[in-house]
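Here's the structure we're looking at; comments come further down.
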Amino acid sequence: MTGGRFEGRVAVVTGAGNGLGRGSALRLSQEGARVVAVDIDEAAARRTAAELPGEAVAVAADVADEEATARWDAAAVAAFGRVDLYHLNAGIFGTFAPLPELTVEEFDRVQAVNVRGQFLGLRAAFRRFRAQGGGGAIVLTASIASLTGSADLLAYQTSKHATLGLLRGAALYGGPIGVRVNAVAPGIVPTDLFAAAAGTVGGKNDMERRASTTPLRRAGTPADIAAVTAFLLSEDAAYITGQVVSADGGASVVNTVRPSGGAGAWPTHELDEALYGTAVPAGGDGGIG
Ligand SMILES: NC(=O)c1ccc[n+]([C@@H]2O[C@H](COP(=O)([O-])OP(=O)(O)OC[C@H]3O[C@@H](n4cnc5c(N)ncnc54)[C@H](O)[C@@H]3O)[C@@H](O)[C@H]2O)c1
């Protein structure tokens, strides 16, 4: 892919060391952006920055940390003098712990990275745009879990629903001053997001199998998501703001109570056993507590 939609632009990508952030950094760089690759994993950030075709710097920073946010912002300006585009993407899934087992620490850490992290990134972006006297564009990574619910992803989906609140508030604030804010909502993209729960039902190892039940019958790729992110950051999306764009193979529009919607395609007893310690009988008679 060659092209110059981002020629002369500077882009910050958080969570750029792996997965979707890495894919986004690559696409933006291929289209001419100079890239600031932010990641809590310094080696991963450096690896991404080194493999990009254009100019790039790596910054090790925890997006949940206010001081670290100021550090990546300062590093971006020190390297390239300004910032025009942001992909606020870093996120963690936390745990599949059943609700009664979910600890306050696990819940809070997920909100800190996914919600506070995107808030701090948005605030840094708007401060930067104000300081340099000009707008730009921002994309947040949302999720199919911003739009739908699962019994085993409480902390994560709470955080990803909050992304929509951040999205709408920031888009409405930014509109009159020429700043567009949108979100991309991926479905299943096999990355390391669920690596900590690789062998658990709903974890990394069964992503391809679950993806085979989506309308497009395949998992997404980081390049699929990067293409949407790049579109939303580009002038091709000049009249789009405040939107959440699903890139999920159609998963979020499935009617799950129709046979064609995947109902019955997944053996529920596997999930029931993980959540309740036993299979729930058909009809869900509430006998498990
Ligand atoms: N992969 C999917 O199927 C999927 C689906 C929907 C949404 N998402 C979202 O996409 C985003 C990226 O996830 P991914 O799939 O690429 O996961 P990933 O684990 O492959 O990559 C995430 C990157 O973020 C970094 N990171 C984690 N915590 C950080 C922190 N506190 N500060 C800075 N960097 C941090 C990690 O080191 C890693 O490099 C997340 O927001 C995730 O919720 C992913």
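First listed ligand is number 1; within each ligand, the first listed atom is number 1. Basis for what follows: all heavy atoms, side chains included, without hydrogens, waters or symmetry-related copies.
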Exam field: side chain Arg27 to backbone Asp224, donor-acceptor pair closer than 3.5 Å: no
Whether Gly187 lies under 4.0 Å from ligand 1, heavy atom: yes
Per-atom contacts of ligand 1 with Ala142, taking only distances under 4.0 Å to non-hydrogen atoms: 7 (C)
Part of Ile188 with heavy atoms under 4.0 Å of ligand 1, whether side chain, backbone, both or neither: backbone
Ser246 side chain vs Asp248 backbone, donor-acceptor pair below 3.5 Å: no
Protein heavy-atom partner closest to atom 37 (O) of ligand 1 - residue, atom, separation in Å: Asp39 OD1, 2.6 Å
Mode of Ile92 contact toward ligand 1 - side chain, backbone, both, neither (heavy atoms, under 4.0 Å): side chain
Residue-ligand contact Pro190/ligand 1, heavy atom below 4.0 Å: no
Mutual orientation of the aromatic rings belonging to Phe96 and Phe93 [parallel < 30°, tilted 30-60°, perpendicular > 60°]: tilted
Protein contact to atom 12 (C) of ligand 1 [nearest heavy atom, distance to 0.1 Å]: Asn89 OD1, 3.4 Å
Which segment of Pro222 sits under 4.0 Å of ligand 1 when only heavy atoms are counted: neither
Under-4.0 Å heavy-atom contact with ligand 1, by part of Met207 that carries it: side chain
Parallel, tilted or perpendicular: ring planes of Tyr86 versus Trp72, cut at 30 and 60 degrees: tilted
Proximal candidate to atom 44 (C) of ligand 1 [heavy atom criterion; set Val59, Leu193, Val13]: Leu193
Pair Arg71 + Glu67: basic N to acidic O under 4.0 Å: yes
Closest protein heavy atom (residue, atom, distance) for atom 22 (C) of ligand 1: Gly91 O, 4.2 Å
Between CG on residue Leu140 and NE2 on residue His87, distance to nearest 0.5 Å: 8.0 Å
Identity of the nearest option to atom 3 (O) of ligand 1, non-hydrogen atoms only, from Thr14, Thr191, Val38, Val189: Val189
Within reach of ligand 1, part of Ala44 (heavy-atom separation under 4.0 Å): neither
Residue among Val244, Leu232, Leu233 satisfying side-chain contact (heavy atoms from CB on, under 4.5 Å) with Asn182: Leu232
Asp62, any N or O under 3.5 Å of ligand 1 N or O: yes
Salt-bridge present (Glu208, Arg218; N to O < 4.0 Å): no
Presence of salt bridge, Arg5 and Asp84, under 4.0 angstrom: no
Sub-4.0 Å heavy-atom contact, Arg109 with ligand 1: yes
Part of His87 within contact of ligand 1 (heavy atoms, under 4.0 Å): neither
Ligand 1 versus Phe93: contacting region, heavy-atom distance under 4.0 Å: neither
Option whose closest heavy atom lies nearest to atom 26 (N) of ligand 1, chosen from Ile40, Ile225, Asn18: Ile40
Per atom 6 (C) of ligand 1, closest listed option by heavy atom (Gly117, Gly17, Ser143): Ser143
4.0 Å heavy-atom contact, Gly220 with ligand 1: no
Ligand 1 contact on Ala145 by region, counting heavy-atom pairs under 4.0 Å: neither
Any donor-acceptor N/O pair, Asn114 side chain to Ile92 backbone, under 3.5 Å: yes
Atoms in ligand 1 with a heavy atom of Pro186 nearer than 4.0 Å: 5 (C), 6 (C), 7 (C)
Protein residue, atom and distance nearest to atom 32 (N) of ligand 1, heavy-atom basis: Val63 N, 2.9 Å
Glu273 and Thr278 side chains, donor-acceptor separation under 3.5 Å: no
Numbered atoms and elements of ligand 1 in range of Tyr156, under 4.0 angstrom, heavy atoms: 6 (C), 7 (C), 8 (N), 9 (C), 42 (C), 43 (O)
Any donor-acceptor N or O pair under 3.5 Å, side chains Thr69, Glu66: no
Nearest-0.5 Å distance that lies between atom CG in Leu85 and atom CD1 in Ile138: 9.5 Å
